[in-house]
Amino acid sequence: MLATGTSPLTKTDSYEALSHELAEAIVKQLREKPTSCFGLPTGNTPIGCYKLLSRYSQMGALDWSRAHCFQLDEYVDAAADEQTFAHFLDSNLLGATNVPDENRYSPNDYNNYDELIESRGGLDLTVLGIGHNGHIAFNEPGTPRMSWTHSVWLTESTRHANKSYFGGQTVVPRRAVTMGIETILSSRKLILIASGRDKQEILERAMLGNVTPEVPASFLSLHPHVTVITDFEV
Ligand code: F6R
């Protein structure tokens, strides 16, 4: 564990090790506080961790029955259910757990997601990936710090990055709803995960550069309990 800027950095040797590290942190949180509220991302980076958690859950090693899981973000104009982040989380993790259906939340389904989160006790642990342009959740460059859950137009670079899920740029949704920067910073603990050398430059800007809306992930350095897990040197 190294101290880089204000964020404790856990540098692992491989994607598998990163996945284990993240899974361990989630398991610890769930065991210490079974009623935990989690903020969960979609994307490629958490998949290895979700596979581990799915396996532990199916073995009966994890009890999610009192946990609450909040999606970070969701498309608003997905053409089919299979394209939604709710579907992604269900098929990669939640479907293998005993999180009650009523404790799984999408920002698309609520007028006041932040109030809902608050009413469930507030986020305990929120996991975030980072986009090549520095986005966290769907807070694209230019998002102000004072932002709560809101709807957004996606940048072309984000739509391009997500197109593998959609079989062609033209059908990638253009709009999404996302937790804002303040929503994320209100979580008691944060974990930022980044895998692959192609994330190194933007992660370094986020961790070591100025705090600026141009790199939304840089706002994370304002949080007192953020851990960064990578599988490369920073
Ligand atoms: C997804 C999300 C995004 C991703 C980011 C990194 O719910 O909020 O911010 O975390 O785009 O995606 P991957 O992990 O695919 O590189």
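Position 1 is the first residue of the sequence, and the numbers go up from there. Order of appearance sets the numbers: ligands from 1, and atoms from 1 within every ligand.
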Atom 1 (C) of ligand 1: which of T45, T42, I47 has the nearest heavy atom? T42

Atom 3 (C) of ligand 1: which of A176, A137, P46 has the nearest heavy atom? A137

For Q71, which part has a heavy atom under 4.0 Å from ligand 1: side chain, backbone, both, or neither? neither

Backbone, side chain, both or neither: what part of I130 comes under 4.0 angstrom of ligand 1, heavy atoms only? backbone

Enumerate the ring pair (Phe, Tyr, Trp, His ring centres under 6.0 Å) contacts for residues 24-66, please, sequence neighbours excluded, ordered by first and then second residue. F38-W64

May I ask you to test the I193-P46 pair for a side-chain heavy-atom distance under 4.5 Å? yes

Flag for Q29-S36: side-chain donor and acceptor within less than 3.5 Å: yes

Mind checking what makes salt bridge (Lys or Arg N to Asp or Glu O under 4.0 Å) contact with D90, not counting sequence neighbours? R104

With only distance considered, is F138 within less than 3.5 Å of ligand 1 through an N or O on each side? no

Which ligand 1 atoms, with their elements, are less than 4.0 angstrom from a heavy-atom of G129? 10 (O)

Enumerate the atoms of ligand 1 whose separation from the nearest heavy atom of D73 is less than 4.0 angstrom. 1 (C), 2 (C), 7 (O), 8 (O)

Which class fits the ring pair Y113 and F70: parallel under 30°, tilted 30 to 60°, perpendicular over 60°? perpendicular

Flag yes if more than 12 heavy atoms outside Q200 fall under 6.0 Å of its CD atom; otherwise flag no. yes

